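The structure appears right after this line, and notes come after that.
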Amino acid sequence: MTVRQRLLHAAAELIAEKGWGAVSTRVLAERAGVGSGVVHYHFDSLPAVLVEAAVGALRTALAGLPGVLDTATTPRRMLTALLDALDGHSGQELFVETILAATRDDVLREAVREVLVEFRAELATRLARHGVPAPADTAAVLAAAVDGVLLHRALSPDLSVDVVVSVLGRALR
């Protein structure tokens, strides 16, 4: 793993563990096992490292979803597969922290928005294949609902896939 990759990996871990605002250059460098000057050698600023790490983790997590969604034979099963895939992903805390930080940071907001637009387009394509009306609008609302579920699970882990699919699945009929 290169130094740059170690810094990005450490940044993603720290965002998830401590929250966006608690990551400093010194803490990041220590976690990556490098001197703090190395951070600024590889990146323009600490926020640049954090944005690249968080957006990279989002892209990585979402990259496998089209294949998962393609295996579903109904919209309801597609929703279940999506939630199961996100449940199995270890970066939920990172996603929550990133979404919250994006509400306060224009650069991060734009980067996350681009990822969401791509994800919604993938989701809309699959919804259209299943004959779901207004697939683009449905994908946007469904993606927002899934993000909300992730946020709420941080506070209430008893919000199970079965409960979510039962409620959101009705909207896909």
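Note that these values count all heavy atoms, side chains included, but never hydrogens, waters or copies made by symmetry. As the structure is a prediction and not an experimental result, all values here were calculated from the model.
- When side chains are defined from C-beta on, Leu116 counts as touching Asp147, because their heavy atoms get closer than 4.5 Å.
- Nearest heavy atom pair, residue Pro135 against residue Ala124, reads CB-O, 3.5 Å.
- No continuous path of hydrophobic side-chain contacts links Val146 to Val141 [ILVMFWY only; heavy atoms under 4.5 Å].
- Scanning for side chain to side chain contact (heavy atoms under 4.5 Å, CB included) contacts around Ala53 gives Leu8, Ala11, Ala12, with sequence neighbours left out.
- Counting only heavy atoms from C-beta outward, the side chains of Thr25 and Phe43 never approach each other to under 4.5 Å.
- Under the rule for a side chain to side chain contact (heavy atoms under 4.5 Å, CB included), the partners of Ala81 that lie at least two apart in sequence or sit in another chain are Val68.
- Residue pairs meeting the salt bridge (Lys or Arg N to Asp or Glu O under 4.0 Å) criterion with at least one partner in residues 5-16, sequence neighbours excluded, are Glu13-Arg31.
- Applying the side-chain hydrogen bond (donor to acceptor under 3.5 Å, both in side chains) test to Asp158 and every residue at least two apart in sequence or in another chain returns Ser156.
- With sequence neighbours excluded, the residues that form a salt bridge (charged side-chain N to carboxylate O under 4.0 Å, His left out) with Arg126 are Asp70, Glu122.
- Taken together through direct or relayed side-chain contacts under 4.5 Å among Ile, Leu, Val, Met, Phe, Trp and Tyr, Val167 and Val132 form parts of separate hydrophobic clusters.
- With hydrophobic clusters built from ILVMFWY side chains whose heavy atoms lie under 4.5 angstrom apart, Leu159 shares a cluster with Leu83.
- Between Leu7 and Val34, the shortest heavy-atom distance links the atoms CD2-CG2, 3.9 Å.
- His40 approaches Leu46 most closely through the heavy-atom pair CE1-N, 4.0 Å.
- Looking at heavy atoms from C-beta onward, Arg109 lies out of side-chain contact with Asp105 at the 4.5 angstrom threshold.
- The side chain to side chain contact (heavy atoms under 4.5 Å, CB included) search around Arg77 returns Ala72, Thr73, Thr74, not counting sequence neighbours.
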Return a table of donor-acceptor pairs under 3.5 angstrom between the side chains of residues 96-103 and protein atoms on other chains or two or more places apart.
unit_1, atom_1, unit_2, atom_2, d
Thr98, OG1, Leu94, O, 2.8
Thr103, OG1, Leu100, O, 2.6

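- No path of Ile, Leu, Val, Met, Phe, Trp and Tyr side chains, each step under 4.5 Å between heavy atoms, connects Leu123 with Val117, placing them in separate hydrophobic clusters.
- Closest non-hydrogen pair, Ala143 versus Phe119, comes out as CB-CE2, 3.9 Å.
- Listed by first and then second residue, the salt bridge (Lys or Arg N to Asp or Glu O under 4.0 Å) pairs that reach into residues 46-56 are Arg4-Glu52, sequence neighbours excluded.
- When all heavy atoms of Phe95 and Ala57 are compared, the closest pair comes out as CE2-O, 4.2 Å.
- Transitive grouping of hydrophobic side chains (ILVMFWY, heavy atoms separated by less than 4.5 Å) brings Met78 and Val163 into a common cluster.
- Within the structure, no pair that satisfies the side chain to side chain donor-acceptor pair (under 3.5 Å) test touches residues 131-143, not counting sequence neighbours.
- Summarising the geometry, atom CD belonging to Glu93 is positioned 9.5 Å from atom CD belonging to Glu17; distances are rounded to the nearest 0.5 Å.
- Listed by chain and residue number, Leu14, Lys18, Ser24 satisfy the side chain to side chain contact (heavy atoms under 4.5 Å, CB included) test with Val27 (two or more places apart in sequence, or in another chain).
- Summarising the geometry, atom CG belonging to Leu50 is positioned 9.0 Å from atom CG belonging to Leu108; distances are rounded to the nearest 0.5 Å.
- Nearest heavy-atom pair across Pro66 and Leu62 is CD-O, 3.4 Å.
- Residue-environment remark: NE2 (His152) stays at or below the threshold of 12 foreign heavy atoms within 6.0 Å.
- Contacts of Glu114 classified as salt bridge (charged side-chain N to carboxylate O under 4.0 Å, His left out), with partners at least two apart in sequence or in another chain: none.
- In this structure, Asp162 has no salt bridge (charged side-chain N to carboxylate O under 4.0 Å, His left out) partners at least two apart in sequence or on a different chain.
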